[in-house]
Peer 1: 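The structure's right below; bear with me while I get my questions together.
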Amino acid sequence: HLLNVAEGKQDKFYRDNKGIALAYGWNPTRNTKEFNLKIAQESGFDEEQIAAISKISNTNKVNFVPKDLKKMRFTPEQVQKTALALMPHYEQGFLDAMAVNSIRNKRNPEKDIQAYHDLPNNQQAIMIHMAYKVGGENLMNYKTFYKKLFGYLDKPTKGNLAEVKKNFQYTYATLDGE
């Protein structure tokens with residue numbers, strides 16, 4: 001639901017900020033061929049769809065939807081399965097960055113990760129979406145965010161949650177450059 005609200009849902013390839021995407025913003029041009037093929041297979045894509053994903057994987061050269069892909073459509077089930085297939089990857093990216101930041105802050109990463117798992121699903125979903133938007137590697141740059149998150153995990157008060165919210169920001173550009 002969060003991806004549908006934040007990203008929109010497409011049953012076809014469309015031009016993204018960089019490259020092309022489908023489903024809930026999954027951009028194969030920004031991921032490795034191996035990763036994309038795993039997601040495509042888990043999503044129930046047919047051979048033609050898998051070949052198309054393979055062809056556009058990990059390239060900066062695709063900035064428009066190629067003619068042969070414009071007519072390709074994905075079923076609602078396939079679109080839904082892409083989100084389900086991508087979720088564990090992005091959650092793990094978030095948790096990996098969390099562990100690094102936990103160590104940076106002289107904390108116990110196992111305890112912090114367990115505290116994350118004890119959060120309500122909606123709060124976990126927001127952090128997975130953050131990883132989806134900025135990528136696992138970029139999450140390492142959110143040092144203040146993690147410090148505030150650890151404060152909230154230690155003492156989940158409204159005030160500590162407000163501190164996390166103040167440091168939960170990322171920016172992106174629309175296709176129109178805004």
Side-chain angles (χ1 to χ4, degrees), residues 1-101 109 113 116-117 121 123-143 145-146 168-178:
H1 177 73
L2 175 62
L3 284 175
N4 191 35
V5 170
E7 303 292 331
K9 178 172 68 172
Q10 294 281 334
D11 68 347
K12 61 184 178 184
F13 287 102
Y14 62 91
R15 189 172 155 258
D16 202 6
N17 293 337
K18 294 180 181 178
I20 63 174
L22 67 143
Y24 295 101
W26 171 33
N27 188 331
T29 66
R30 313 311 287 166
N31 296 295
T32 67
K33 180 178 177 180
E34 295 75 25
F35 176 79
N36 287 333
L37 293 179
K38 178 181 180 284
I39 300 303
Q41 289 165 348
E42 288 179 21
S43 301
F45 286 16
D46 64 32
E47 288 182 26
E48 180 186 11
Q49 293 166 331
I50 289 173
I53 294 292
S54 178
K55 184 177 163 184
I56 61 170
S57 292
N58 197 30
T59 180
N60 291 327
K61 296 178 182 175
V62 179
N63 291 313
F64 60 92
V65 179
K67 187 177 180 179
D68 60 328
L69 300 184
K70 283 187 178 184
K71 294 179 184 174
M72 188 172 287
R73 295 294 180 266
F74 301 91
T75 68
E77 294 80 18
Q78 289 172 320
V79 170
Q80 180 69 16
K81 285 182 179 181
T82 64
L84 296 174
L86 288 164
M87 188 175 81
H89 168 76
Y90 288 103
E91 181 175 42
Q92 190 58 55
F94 181 84
L95 295 174
D96 290 348
M98 183 181 205
V100 168
N101 279 285
I113 288 171
Y116 161 85
H117 286 296
N121 287 341
Q123 291 179 358
Q124 290 179 35
I126 293 294
M127 289 179 258
I128 294 168
H129 186 256
M130 180 181 185
Y132 187 76
K133 289 306 288 182
V134 305
E137 291 177 18
N138 290 328
L139 285 171
M140 298 299 178
N141 300 327
Y142 289 79
K143 296 173 187 168
F145 164 78
Y146 279 105
F168 187 84
Q169 294 183 349
Y170 48 87
T171 59
Y172 62 94
T174 66
L175 291 175
D176 297 330
E178 293 182 26

Peer 1: Nearest heavy-atom pair of K70 and V65: which atoms, and what distance?
Peer 2: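 Result for this residue pair: CE-O, 3.4 Å.
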Peer 1: When you compare the side chain of R73 with that of Q78, does any pair of heavy atoms fall below 4.5 Å?
Peer 2: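 Result no, sub-4.5 Å side-chain heavy-atom pair not found.
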Peer 1: Which value, rounded to the nearest 0.5 Å, describes the distance between N121 atom CG and Q123 atom CD?
Peer 2: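 CD of Q123 is found 10.0 Å from CG of N121.
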Peer 1: Who are the side chain to side chain contact (heavy atoms under 4.5 Å, CB included) partners of P109, not counting sequence neighbours?
Peer 2: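 If we apply the side chain to side chain contact (heavy atoms under 4.5 Å, CB included) test to P109, skipping adjacent residues, the hits are A99, S102, I103.
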Peer 1: Applying side chain to side chain contact (heavy atoms under 4.5 Å, CB included) to M98 and M127, what does each step give before you reach the verdict?
Peer 2: CA-CA 11 Å; M98 183 181 205; M127 289 179 258; over 6 Å; no
Peer 1: Do the side chain of S57 and the main chain of I53 share a donor and acceptor less than 3.5 angstrom apart?
Peer 2: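 Answer holds: yes.
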Peer 1: Please assess Y24 against Q80 for the test side chain to side chain donor-acceptor pair (under 3.5 Å), listing each intermediate value before the final yes or no.
Peer 2: CA-CA 8 Å; Y24 295 101; Q80 180 69 16; 3.3 Å; yes
Peer 1: Which atom pairs, one a donor and one an acceptor, fall under 3.5 Å between side chains of residues 37-44 and the rest of the protein, sequence neighbours left out?
Peer 2:
residue: K38; atom: NZ; partner: E42; partner atom: OE2; Å: 2.9
residue: S43; atom: OG; partner: I39; partner atom: O; Å: 2.7
residue: S43; atom: OG; partner: T82; partner atom: N; Å: 3.4

Peer 1: Quick check for you: to the nearest 0.5 Å, what is the distance between F145 atom CZ and L139 atom CG?
Peer 2: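 Rounded to the nearest 0.5 Å, the CZ-CG separation comes to 8.0 Å.
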Peer 1: Determine the minimum heavy-atom distance between F45 and I50, stating which atoms define it.
Peer 2: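 Result for this residue pair: O-CD1, 3.5 Å.
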Peer 1: Just how far is it from atom CZ of F74 to atom CG of L22, taken to the nearest 0.5 Å?
Peer 2: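 The distance works out to 5.0 Å.
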Peer 1: Supply the atom-to-atom distance R30 CZ to T59 OG1, rounded to the nearest 0.5 angstrom.
Peer 2: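 Rounded to the nearest 0.5 Å, the CZ-OG1 separation comes out at 9.0 Å.
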Peer 1: Applying side chain to side chain contact (heavy atoms under 4.5 Å, CB included), name anything that partners Q10, two or more places apart in sequence or on another chain.
Peer 2: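 Q10 satisfies side chain to side chain contact (heavy atoms under 4.5 Å, CB included) with K12, Y14 once adjacent residues are dropped.
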Peer 1: What's the separation between atom NZ in K133 and atom CG in N138, rounded to the nearest 0.5 Å?
Peer 2: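 So the NZ of K133 and the CG of N138 are separated by 12.5 Å.
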Peer 1: In chain order, what residues pass the side chain to side chain contact (heavy atoms under 4.5 Å, CB included) check against N31, with sequence neighbours excluded?
Peer 2: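 Residues passing side chain to side chain contact (heavy atoms under 4.5 Å, CB included) with N31: W26, F35, N36, Y90.
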Peer 1: With ring pair (Phe, Tyr, Trp, His ring centres under 6.0 Å) as the test, would you mind laying out the steps for Y132 and F94 before giving the verdict?
Peer 2: CA-CA 9 Å; Y132 187 76; F94 181 84; over 10 Å; no
Peer 1: Measuring from L86:CG to K81:NZ, what's the distance to the nearest 0.5 Å?
Peer 2: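 If we round to the nearest 0.5 Å, L86:CG and K81:NZ are 14.0 Å apart.
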Peer 1: How would you list, by chain and number, every residue that makes a side chain to side chain donor-acceptor pair (under 3.5 Å) with N27, sequence neighbours excluded?
Peer 2: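 In terms of side chain to side chain donor-acceptor pair (under 3.5 Å), with neighbours along the sequence ignored, N27 is linked to D16, T29.
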Peer 1: Is a side-chain N or O of Q49 found less than 3.5 angstrom from the main chain of D46, in a donor-acceptor match?
Peer 2: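 Judged by distance alone, yes, a pair lies under 3.5 Å.
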Peer 1: Could you go step by step and tell me if N63 and R15 meet the side chain to side chain contact (heavy atoms under 4.5 Å, CB included) rule?
Peer 2: CA-CA 7 Å; N63 291 313; R15 189 172 155 258; 5.6 Å; no
Peer 1: Do the non-hydrogen side-chain atoms of L69 and K55 ever get within less than 4.5 Å of each other?
Peer 2: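 In short, these two side chains do not touch, never coming nearer than 4.5 Å.
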Peer 1: Applying side chain to side chain contact (heavy atoms under 4.5 Å, CB included), can you list everything that pairs with N58, at least two apart in sequence or on another chain?
Peer 2: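 For N58 there are no side chain to side chain contact (heavy atoms under 4.5 Å, CB included) partners, ignoring immediate neighbours.
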